[in-house]
Amino acid sequence: MTQDDITNEAVSLLQDLGLQEYEARCFLALTRLPSGTAKEIHEISEVPRTRVYDAIRVLESQGLVEVRHSSPQQFRAVGIDEATRTLRQKYDDRVDTLESYLETVEHRETEPDDDRMQEVWSLTGRDAIESRTLDLLTEANSEIALVVADESLLSDPLYETLHDAVDQDVQVILGGRTDGITSRLGTELPTARVFETNLDFLIGSGTDHEVAISRILLVDRETLLIGSYYPDSEDPTEQAIFASGLENGIVVLLRRLISSGLTAVEDSEP
């Protein structure tokens with residue numbers, strides 16, 4: 001990646017965090033200087049000189065730039081740690097504010113208290129699916145059955161959430177597609193029940209045009225999430241279905257399949 005590529009990517013990320021393009025470019029220019037005048041910032045950032053002052057005023061108000069009132073004025077960026085801490089806090093505050101607004105306007109129809117109620121929803125994108133997975137694990141009351149087919153899913157947040165579930169006396173059953181996955185799961189969670197899955201027909205062979213299962217999660221025997229993707233595709237975007245309800249046919253099917261995998265392991269034990 002070239003220096004220009006890095007700069008453009010950094011500008012884009014700063015814009016995602018709430019800065020305007022000129023503000024982001026001026027801030028990045030100052031990170032390359034011990035301090036600088038508006039003329040020097042303009043030369044490095046290519047921001048029009050008449051707009052540099054406006055951008056600097058905004059950056060100063062956000063605690064990202066310091067100003068020395070000399071002639072000409074000198075500007076410098078705060079340290080990287082301070083800048084990232086400030087931006088993170090700003091981002092967190094915005095998320096907290098958004099959450100409060102969403103809670104205010106949220107409207108959900110009253111749902112019948114019926115275990116037979118059936119729901120199937122879909123999710124797209126690994127981040128969204130990972131977030132839903134962690135939410136479901138956190139909400140588990142009695143049992144978690146998780147089958148991992150893609151080793152890249154074994155993240156630190158996943159381990160931490162499973163550890164929390166074990167500490168809360170939730171029964172945790174973990175299946176792995178390969179010896180490597182089961183070994184890592186068993187090492188990280190020695191008190192959990194770990195087995196190597198025999199569900200090869202669900203996983204597929206991983207050929208170019210064949211979908212593969214990435215994860216199967218069953219929580220409290222009534223809520224299910226199944227992730228899938230095309231492992232050899234140019235766009236291996238993960239997709240998932242999320243189903244709930246004790247009588248949901250998909251949930252019943254996967255519950256039986258996971259149980260059969262466990263039974264096979266138990267039968268093979270001495």
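- When all heavy atoms of L123 and A128 are compared, the pair lying nearest together is CD1-O, 4.5 Å.
- Here the side chain of D150 pairs a donor or acceptor atom with the backbone of S152 at under 3.5 angstrom.
- Within a 6.0 Å sphere centred on CD of Q20, other residues, nucleotides and ligands contribute 12 heavy atoms or fewer.
- Grouping the Ile, Leu, Val, Met, Phe, Trp and Tyr side chains by contacts below 4.5 angstrom, directly or via other members, places V170 with V166.
- The shortest heavy-atom contact between S35 and Q74 is OG-OE1, 3.2 Å.
- A chain of hydrophobic side-chain contacts below 4.5 Å, direct or via other Ile, Leu, Val, Met, Phe, Trp or Tyr residues, connects I241 to I213.
- The line from CG of L218 to OG1 of T223 is 8.0 Å long, rounded to the nearest 0.5 Å.
- Within the 4.5 Å cutoff, the side chain of T161 has no heavy atoms near those of the T133 side chain.
- Atom SG of C26 sits about 8.5 Å away from atom CD of E23, to the nearest 0.5 Å.
- A continuous path of ILVMFWY side-chain contacts below 4.5 Å connects L154 to L162, so both sit in one hydrophobic cluster.
- Salt bridge present: D54 and R57 bring a charged side-chain N and a carboxylate O closer than 4.0 Å.
- Side-chain atoms of L224 and I216, non-hydrogen and from C-beta on, do get closer than 4.5 Å to each other.
- Of all non-hydrogen atoms in P72 and T37, the two that sit nearest each other are CG-CG2, 3.8 Å.
- To the nearest 0.5 Å, atom CD of residue E46 and atom OH of residue Y22 are 10.5 Å apart.
- Scanning both residues, R132 and F242, for their nearest heavy atoms gives NH1-CD2, 3.4 Å.
- Between Y53 atom OH and I41 atom CD1 the span is 8.5 Å, to the nearest 0.5 Å.
- Under the 4.5 Å side-chain contact rule for hydrophobic residues, V58 and L13 do not share a cluster.
- Looking at F75 and V52, their side chains never come closer than 4.5 Å, going by heavy atoms from C-beta outward.
- R126 has its side chain within reach of L153: a pair of non-hydrogen atoms, C-beta onward, lies under 4.5 Å apart.
- A donor-acceptor distance shorter than 3.5 angstrom exists from the side chain of T31 to the backbone of L28, with no hydrogens or angles considered.
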List the steps and the verdict of side chain to side chain donor-acceptor pair (under 3.5 Å) for D4 and T2. CA-CA 5 Å; D4 286 344; T2 67; 5.3 Å; no
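- A side-chain donor-acceptor contact under 3.5 Å links T138 to the backbone of L134.
- Note: the hydrophobic cluster containing Y159 also contains L217 (ILVMFWY, side chain heavy atoms under 4.5 Å, direct or indirect links).
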For side-chain contact (heavy atoms from CB on, under 4.5 Å), just list the numbers for L64 and L87, CA-CA rounded to whole Å, side-chain angles, deciding distance to a tenth of an Å, and then say yes or no. CA-CA 9 Å; L64 296 173; L87 289 168; 4.1 Å; yes
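- The CZ atom of R94 lies 12.5 Å from the CD atom of Q89; values are rounded to the nearest 0.5 Å.
- No side-chain heavy atom of D164 sits under 4.5 Å from any side-chain heavy atom of L137.
- Between E21 and R25 a salt bridge is recorded (basic side-chain N to carboxylate O distance below 4.0 Å).
- Between L189 atom CG and L174 atom CG the span is 6.0 Å, to the nearest 0.5 Å.
- With contacts defined as side-chain heavy-atom distances shorter than 4.5 Å, the pair L19/Q62 qualifies.
- Residues L136 and E139 form a side-chain contact, since some pair of their non-hydrogen atoms from C-beta on lies under 4.5 Å apart.
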Taking it one step at a time, do L185 and L146 satisfy side-chain contact (heavy atoms from CB on, under 4.5 Å)? CA-CA 11 Å; L185 288 170; L146 173 64; 5.9 Å; no
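- Within a 6.0 Å radius of CZ in R184, other residues, nucleotides and ligands contribute more than 12 heavy atoms.
- Side chain of S214 to main chain of G227: a donor-acceptor pair is present (N/O by atom type, distance under 3.5 Å, no hydrogens or angles).
- Without hydrogens or angle criteria, H163 side chain to E188 main chain gives a donor-acceptor distance under 3.5 Å.
- Counting all heavy atoms, side chain and backbone alike, T237 lies closest to G125 at CG2-N, 4.1 Å.
- Residue V67 comes nearest to Q73 through the heavy atom pair CG1-NE2, 3.9 Å, listed as atom of the first residue, atom of the second, then distance.
- Annotation: L98, atom CG; neighbour count of heavy atoms from other residues, nucleotides and ligands within 6.0 Å is above 12.
- In this structure, L17 and K90 have side chains that are not in contact, with every pair of non-hydrogen atoms separated by 4.5 Å or more.
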Could you check V78 against T86 for side-chain contact (heavy atoms from CB on, under 4.5 Å), going step by step and ending with a plain yes or no? CA-CA 10 Å; V78 300; T86 298; 5.7 Å; no
